[in-house]
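Take a look at the structure below.
All values below were derived from every heavy atom in this structure, side-chain atoms included, with hydrogens, water molecules and symmetry-related copies excluded.
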Amino acid sequence: MAARGTRPSLYISVDIEADGPIPGPYSMISFGASVAGRQDGASYTPADPEQQTFYRELRPVSEEFVPEALAVSGLDRDRLVREGADPAAAMDEFRAWVREVSAGAQPVMCGYPAPFDWTFLYWYLIRFGGDSPFGHSGCLDMKTLYAAKARVPLRAAVKGRMPRELLSRRRHTHHALDDAIEQAELMSNLMLWQPQAPALDADRSPRITHLSWGRIEAEGLAPGKDFRLYPGGGRPWDWSEHGTRHDPGIGPQEVRELLDRGVTAVVLSRGMEGRLGVVPQTLEALRAAGVEAHVAETAEAVEIYNQLARDGRVGGLFHSTC
């Protein structure tokens with residue numbers, strides 16, 4: 001079966017105003033949408049958030065409402081009962097708009113935070129027409145995106161703690177379209193943001209935070225396949241630098257940089273399947289320098305290294321495939 005190609009993603013910022021906490025018993029009384037930008041592979045292109053927008057005020061679907069929730073938007077519910085758009089017609093118009101602006105791409109709803117807005121939006125799309133142009137899960141939460149990039153707990157992912165350069169200069173007015181446009185700018189800023197990793201202490205070796213086949217993540221470093229780590233940092237381990245091969249394996253020249261950085265222990269990984277050898281002269285060079293040597297399959301080597309990195313000046317060579 002032929003592999004299905006991956007379409008670009010078109011991110012659409014959506015903000016809704018409601019007169020209660022959940023759809024059905026309560027109503028979505030207005031919603032606004034703004035095209036934030038397009039992602040094609042690793043490339044993200046922001047859009048002018050005022051150029052492609054959608055806004056409707058809706059007739060309530062029930063008589064129930066929470067006064068405090070209604071007051072947030074400032075909309076007159078009696079007027080909406082008389083003049084608000086029919087929800088079915090509004091959802092048909094919105095589906096058509098989404099499909100028009102996302103031609104050739106996969107539309108993704110994004111919100112801040114997305115769960116509340118998505119709950120109402122998806123309920124209305126299915127209740128009034130039975131179809132969502134975003135599918136059942138095509139939404140992205142900006143709070144989660146920030147928490148993952150900034151490496152902070154989700155509860156700390158609030159605008160008041162974000163770097164100022166991420167935030168839109170527009171006011172948050174609780175008018176659904178105004179807020180969708182504001183949050184479209186936040187979305188683009190988040191997608192383009194490359195947070196600086198905290199600098200490591202010169203005497204501390206970076207911990208390895210993730211290992212999987214073909215991928216290693218370590219503190220303060222961009223993810224990579226193979227790494228040379230030492231006190232104060234590390235760099236990708238390029239085997240061509242010293243002509244290293246699986247057989248005979250890691251030669252003495254590979255550990256010279258680690259010794260020059262004053263390590264007291266060295267961990268040598270043999271690959272995920274143990275196919276990477278270690279030349280005997282390498283271990284002899286470490287012993288001659290008074291450096292403790294550990295040789296193990298990569299997953300075990302990472303455990304040994306992280307334990308030693310808590311207290312000592314440890315170096316290591318890590319290979320994430322065979």
Side-chain angles (χ1 to χ4, degrees), residues 1-18 20-28 30-47 49 52-54 56 58 61 87-88 90-155 157-158 176 179-181 183-193 210 212 215:
M1 184 169 61
R4 188 174 70 177
T6 301
R7 286 192 292 165
S9 293
L10 186 86
Y11 293 101
I12 299 175
S13 171
V14 176
D15 184 83
I16 74 103
E17 298 297 330
I22 58 173
Y26 303 99
S27 305
M28 179 168 71
S30 69
F31 72 108
S34 163
V35 173
R38 179 185 177 102
Q39 183 180 18
D40 193 348
S43 175
Y44 179 84
T45 304
Q52 294 177 297
T53 62
F54 186 95
R56 291 292 184 276
L58 305 177
V61 297
M91 291 301 107
D92 283 344
E93 292 167 350
F94 181 60
R95 286 187 198 92
W97 178 83
V98 170
R99 289 179 173 130
E100 178 184 351
V101 299
S102 64
Q106 176 64 46
V108 179
M109 175 270 191
C110 55
Y112 181 92
F116 178 80
D117 301 82
W118 174 254
T119 298
F120 275 88
L121 183 67
Y122 184 71
W123 188 91
Y124 267 72
L125 286 167
I126 300 304
R127 174 64 180 81
F128 299 104
D131 176 48
S132 165
F134 305 104
H136 69 278
S137 61
C139 68
L140 185 148
D141 177 34
M142 296 182 210
K143 286 173 66 73
T144 303
L145 177 60
Y146 173 75
K149 281 198 160 191
R151 301 196 176 201
V152 300
L154 188 61
R155 289 179 64 88
V158 295
D179 294 351
I181 291 172
Q183 287 162 188
E185 290 188 340
L186 173 61
M187 176 65 186
S188 290
N189 291 341
L190 283 169
M191 289 295 287
L192 296 172
W193 183 45
H210 172 83
S212 59
R215 184 181 178 91

Treating S13 as the side-chain partner and S34 as the backbone partner, does any N or O pair qualify as donor plus acceptor under 3.5 Å? no
Note: P21 and F116 closest approach over all heavy atoms is O-CE1, 3.6 Å
Nearest heavy atoms of A90 and F54, plus distance in Å: O-CZ, 4.0 Å
Is a side-chain donor or acceptor of R215 paired with a backbone partner of H210 at a separation under 3.5 angstrom? no
What are the two closest heavy atoms between D141 and G111, and how far apart are they? OD1-O, 3.6 Å
Scan for side chain to side chain donor-acceptor pair (under 3.5 Å) pairs involving residues 116-137, sequence neighbours excluded, and state none if there are none. R99-D131
Atom CZ of F128 and atom CG of D92: how far apart are they, to the nearest 0.5 Å? 11.0 Å
Evaluate the side-chain proximity of F134 to V98: yes if any heavy-atom separation is below 4.5 Å, no if none is. yes
Closest heavy-atom pair and its distance - Y11, Q39: OH-OE1, 2.7 Å
Once the angle between the rings of F94 and F31 is folded into 0 to 90°, is it parallel (under 30°), tilted (30 to 60°) or perpendicular (over 60°)? perpendicular
Looking at every heavy atom in both Q183 and M142, which two are closest together, and how far apart are they? O-CE, 3.3 Å
Rounded to the nearest 0.5 Å, how far apart are OG1 of T144 and OH of Y112? 10.5 Å
Taking the side chain as C-beta and beyond, is there a heavy-atom pair between K149 and L190 under 4.5 Å? no
Any donor-acceptor pair under 3.5 Å from K143 side chain to A157 backbone: yes
Stepwise, does the side chain to side chain contact (heavy atoms under 4.5 Å, CB included) test hold for W97 with I12? CA-CA 11 Å; W97 178 83; I12 299 175; 4.0 Å; yes
Backbone of V61 reached by a side-chain donor or acceptor of S27 within 3.5 Å: yes
R38: which residues meet the salt bridge (charged side-chain N to carboxylate O under 4.0 Å, His left out) condition with it, sequence neighbours left out? none
Write out all pairs satisfying salt bridge (charged side-chain N to carboxylate O under 4.0 Å, His left out) with one or both partners inside residues 103-116, taking only residues at least two apart or from two chains. none
State the OG-CZ distance between S102 and R7, to the nearest 0.5 angstrom. 7.5 Å
Which heavy atom of L192 sits nearest to which heavy atom of P46, and what is that distance? CD1-CG, 4.0 Å
Sequence neighbours excluded, which residues qualify as side chain to side chain contact (heavy atoms under 4.5 Å, CB included) partners of A47? V35
One should read off an interatomic distance between I16 CD1 and L121 CG, to the nearest 0.5 angstrom, of 8.5 Å
Residues which pass side chain to side chain donor-acceptor pair (under 3.5 Å) with Y26, listed by chain and number, not counting sequence neighbours: none
Applying side chain to side chain donor-acceptor pair (under 3.5 Å), can you list everything that pairs with D179, at least two apart in sequence or on another chain? H172
Main chain of P8, side chain of D40: is a donor-acceptor contact present, judged purely on distance under 3.5 Å? no
Do M187 and C110 come close enough that some side-chain heavy atom pair is under 4.5 Å? yes
